[in-house]
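All values derive from a computational prediction rather than experimental measurement. The sequence lines fix the lettering, A, B, ..., with proteins before strands; numbering per chain opens at 1.
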Amino acid sequence: MGLDLSSDFDGNRIQAIVDEHINLEGPLLPILHAVQEDLGCIPQEALPVIANKLNLSRAEVHGVMSFYHDFREQPAGRHVVKICRAEACQSMGSDAIAEHAKSRFKIGFGDTAPDGSVTLEAVYCLGLCACAPAAMVDGKVIGRVDEARIDAISSEVRS
Amino acid sequence: MTVTIYIPGDSGAVALGADDVAQAIVGEAQKRGADIKLVRNGSRGLYWLEPMLEVATDGGRIAYGPVSVGDVSALFDAEFLSGGAHALSLGNPEDIPFLKNQTRLTFARCGIVDPVSLEDYEAHDGLKGLRNAVSMAASDIVQTVTDSGLRGRGGAGFPTGIKWKTVLDEAGPQKYIVCNADEGDSGTFADRMIMEGDPFVLIEGMAIAGLATAATKGYIYLRSEYPDAIRIMNAAIGIAREKGVLGASVLGSGKAFDIEVRVGAGAYVCGEETSLLNSLEGKRGVVRAKPPLPAHKGFLGRPTVINNVISLASVPVILDKGADYYRDFGMGRSRGTIPIQIAGNVKHGGLYETAFGLTLGEIVDEIGGGTATGREVKAVQVGGPLGAYFPRELFDTPFDYEAFAGKDGLIGHAGIVVFDETADMMKQARFAFEFCAIESCGKCTPCRIGAVRGAETVEKIMQGIDREKNLELVADLCNTMKFGSLCALGGFTPYPVMSALTHFPDDFRKNPYLQAAE
Ligand SMILES: Cc1cc2nc3c(=O)[nH]c(=O)nc-3n(C[C@H](O)[C@H](O)[C@H](O)COP(=O)(O)O)c2cc1C
Ligand code: SF4
């Protein structure tokens with residue numbers, strides 16, 4: 001991906017984030033969220049810093065991080081489009097919407113476009129089941145998504 | 001005179017354009033010199049009418065919906081600020097049959113109040129339950145909850161009072177109240193609506209639970225897919241702390257209780273209570289073997305009450321109006337009210353709180369109004385991804401924990417998802433396995449491997465390969481998963497699969513070539 005984190009990796013920044021959360025009961029998830037919020041992902045280089053502070057092994061921190069769908073090792077595209085693939089949305093034709101999105105964005109679920117413009121993700125329920133099919137674009141919720149809406153999103157994220 | 005306009009900030013309404021409508025109303029009001037006050041309330045739960053705005057007039061609230069940005073100027077022309085007539089006018093929202101016929105106990109304030117105004121909350125009977133609890137002995141609070149008949153709304157239906165009693169009886173310097181706000185089931189949004197529309201009721205319920213069990217610290221494990229709920233919940237907690245509802249001395253009682261929101265990270269299995277506790281501790285969300293129960297050894301090995309959002313949010317009204325009041329609603333061993341979430345391919349989708357006992361048919365056909373597409377209803381999945389698919393022949397099943405169990409189904413978190421006749425139940429069966437495979441915590445083989453094998457086998461049936469043999473294999477796999485899984489993810493995935501197979505056998509015996517041509 002465009003961003004090379006290894007060269008300008010800032011260990012002090014990670015330290016500061018860890019310090020900020022260290023007194024919580026069970027601080028690891030809040031730390032991982034905060035690191036991702038700050039850097040856009042959780043780079044491998046961050047793991048030993050976190051592990052060291054929490055008295056865990058690097059493998060343990062990696063194990064936790066890799067368990068959860070939310071945490072990413074590579075930064076996402078400039079825009080993130082999530083499409084709900086769960087049953088309520090299926091009942092309103094989300095499978096076709098998902099196919100349409102894949103062909104419009106020319107990427108699969110879990111992929112980022114080569115130009116870094118957009119990442120497409122599957123999500124299982126956004127709690128918008130009474131206005132299905134649902135999607136989320138950069139944290140903004142959208143209900144009753146149709147193909148035209150996907151087209152509009154596609155033009156937005158590529159501009 | 002300032003006119004108050006309510007436009008839901010509920011994410012379901014926002015998903016349908018409520019933010020844009022709010023902006024347009026404010027802009028138009030400025031242009032016309034109209035003096036308005038905008039409140040971003042929760043949703044009343046009539047999603048087919050969202051964005052539904054309400055104007056506070058001398059004659060009460062008047063609703064308009066569904067409003068789009070293009071309607072705004074015409075609404076002003078029609079003098080909607082004083083309740084003027086317009087094609088979108090719905091009159092008094094509480095007279096809309098969908099709302100009027102409900103029994104709103106847990107959702108009494110949702111869609112009515114300003115979610116982040118404690119004054120508004122108190123003006124609508126808020127904090128009465130907690131005030132009562134403050135002057136009661138812990139064991140009396142627990143007894144009241146037990147007597148109310150309240151059972152856990154997260155899925156398992158375990159009596160809430162009994163859970164609390166176990167924690168109260170457990171000695172320990174630090175106990176916890178953990179609220180399960182992971183709401184991962186497709187077709188459910190009641191937790192989200194409460195957290196976005198009436199967050200103080202959850203705070204009040206948790207504080208009562210704290211007083212009842214001598215727990216001083218609460219956590220809300222809230223899924224990351226709900227950013228609006230996270231924001232509103234945090235704002236409400238801040239206000240509650242400032243006003244002394246939370247903190248070192250809850251309402252001046254001298255007893256401490258505080259709450260912290262913790263954000264999940266996109267794992268469905270973390271809704272399972274022991275997986276959730278591991279996640280809260282900063283571990284992989286792997287399910288723990290029971291015993292020990294969380295009530296004995298929960299968060300950080302300490303006694304912990306873990307309850308669903310709706311279970312906890314139902315406690316304040318019980319402490320306010322009494323156990324009998326609540327228990328007198330319902331049927332059999334399912335007491336009180338249940339917020340049914342009507343979702344999917346349905347005309348009138350939304351939240352319908354009512355006493356237990358309506359039949360599935362009444363819910364789908366009468367209240368839901370049939371499908372959104374206007375086609376025949378083919379199947380209804382009740383209780384989320386681990387719930388069974390019900391055919392029309394079973395629509396006489398009353399909404400009751402035991403009645404659903406008796407039909408090889410479950411109520412779960414009370415979400416129902418309607419499918420029209422275009423649904424392919426074989427695809428739904430395959431999805432149930434796929435979902436289990438994606439979300440399995442990996443601890444036990446029947447779930448981890450069985451789900452993958454199950455999806456592959458359904459795939460073969462789709463292709464017409466050894467159909468009858470593979471159908472048998474699916475049934476066999478389901479049996480192994482049902483009896484060999486540690487938790488309900490692996491253990492209940494057979495419900496959607498087997499119900500699809502049993503009630504819709506024809507869908508599994510279609511000509512594969514026809515399918516390929518679709
Ligand atoms: C796979 C799985 C997912 C679950 N997801 C949730 C959930 O999202 N919310 C919830 O309240 N309970 C969920 N549960 C049920 C919890 O394990 C537990 O029964 C519940 O939180 C107890 O609270 P209650 O007694 O108030 O219902 C889930 C269970 C399983 C097996
Ligand atoms: S049934 Fe599945 S999710 Fe549940 S404990 Fe076993 S592997 Fe984990």
Side-chain angles (χ1 to χ4, degrees), chain A residues 21 24-34 36-37 42 50 54 56 60-72 82 84-96 121-145, chain B residues 11-12 14-16 45 47-48 50 183-189 191-192 217 224-229 260 262-268 270 279-286 299-300 341-346 349-351 372 381 384-385 415 417-420 423 427-428 431 435 438-439 441:
Chain A
H21 295 90
L24 298 178
E25 294 177 305
L28 186 49
L29 254 64
I31 289 170
L32 293 175
H33 273 304
Q36 181 152 306
E37 172 85 25
I42 302 168
I50 299 168
L54 297 187
L56 298 168
E60 280 172 300
V61 177
H62 183 264
V64 172
M65 175 191 160
S66 59
F67 183 86
Y68 298 96
H69 301 300
D70 279 2
F71 299 130
R72 49 174 118 246
K82 299 185 185 192
C84 179
R85 310 220 54 194
E87 292 89 337
C89 287
Q90 289 167 15
S91 77
M92 288 298 282
S94 64
D95 284 356
E121 288 182 350
V123 62
Y124 294 93
C125 199
L126 293 165
L128 306 171
C129 322
C131 41
M136 191 182 246
V137 178
D138 299 334
K140 238 184 127 258
V141 286
I142 308 173
R144 294 193 201 123
V145 176
Chain B
S11 50
V14 170
L16 297 172
Y47 281 106
W48 76 99
E50 292 287 4
E183 195 165 62
D185 289 358
S186 178
T188 68
F189 44 84
D191 297 354
R192 177 184 65 66
K217 176 90 207 208
S224 60
E225 292 85 347
Y226 285 179
D228 299 301
E260 199 182 309
R262 284 293 174 85
V263 179
Y268 174 75
C270 286
S279 182
L280 206 54
E281 289 179 10
K283 300 176 182 152
R284 290 165 69 88
V286 174
F299 183 53
L300 300 172
Q341 299 127 82
I342 308 173
N345 192 337
V346 67
L351 182 125
Q381 188 177 28
V417 176
V418 181
F419 290 79
D420 75 10
K427 257 171 94 177
Q428 299 310 126
F431 177 76
F435 184 72
I438 295 169
E439 300 296 339
C441 84

Below 3.5 Å, can you tabulate the donor-acceptor pairs from side chains in residues 24-32 of chain A to any protein atom, sequence neighbours excluded?
{"residue": "A:Glu25", "atom": "OE1", "partner": "B:Tyr176", "partner atom": "OH", "Å": "3.4"}
{"residue": "A:Glu25", "atom": "OE1", "partner": "B:Tyr219", "partner atom": "OH", "Å": "2.4"}
{"residue": "A:Glu25", "atom": "OE2", "partner": "B:Tyr176", "partner atom": "OH", "Å": "2.4"}

- What residue in A:Gly143, A:Ser91, A:Gly139, A:Ala135 has the most heavy-atom pairs under 4.5 Å with chain B?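 Greatest number of close heavy-atom pairs with chain B: A:Ser91.
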- Query: Taking every heavy-atom pair that is under 4.5 Å apart, which of A:Arg144, A:Arg85, A:Glu87 has the most such pairs with chain B?
  - Reply: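 Looking at each option in turn, the highest pair count goes to A:Glu87.
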Side-chain contact, heavy-atom cut-off 4.5 Å: [X] with [Y]?
X	Y	value
A:Phe67	B:Ser279	no
A:Tyr68	B:Cys270	yes
A:Met136	B:Glu225	no
A:His69	B:Ile438	yes

- Query: What residue, out of B:Ser11, B:Gly350, B:Gly285, B:Gly349, has the most heavy-atom pairs lying under 4.5 Å from chain A?
  - Reply: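 Greatest number of close heavy-atom pairs with chain A: B:Gly285.
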- Does A:Glu60 have any side chain to side chain contact (heavy atoms under 4.5 Å, CB included) partners at least two apart in sequence or in another chain, and if so, which?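 Expected list: A:Leu56, A:Ser57.
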- Tell me, with the steps shown, if A:Tyr124 and B:Phe435 meet ring-ring contact (aromatic ring centres under 6.0 Å, His included). CA-CA 9 Å; A:Tyr124 294 93; B:Phe435 184 72; 5.4 Å; yes
- Message: For A:Leu128, is there any backbone N or O sitting under 3.5 Å from a side-chain donor or acceptor partner on B:Tyr47?
- Response: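 Not confirmed, B:Tyr47 side chain does not pair with A:Leu128 backbone.
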- Task: Report yes or no: does B:Ser186 contribute a side-chain atom to a donor-acceptor pair with the main-chain N or O of A:Ala88 at less than 3.5 Å?
- Result: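 Checking the backbone N and O of A:Ala88 against the side chain of B:Ser186, a donor-acceptor pair under 3.5 Å is found.
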- Query: Say you draw a straight line from CE of A:Met92 to CG of B:Asp420; how long is it, rounded to the nearest 0.5 Å?
  - Reply: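 One finds 8.5 Å between CE of A:Met92 and CG of B:Asp420.
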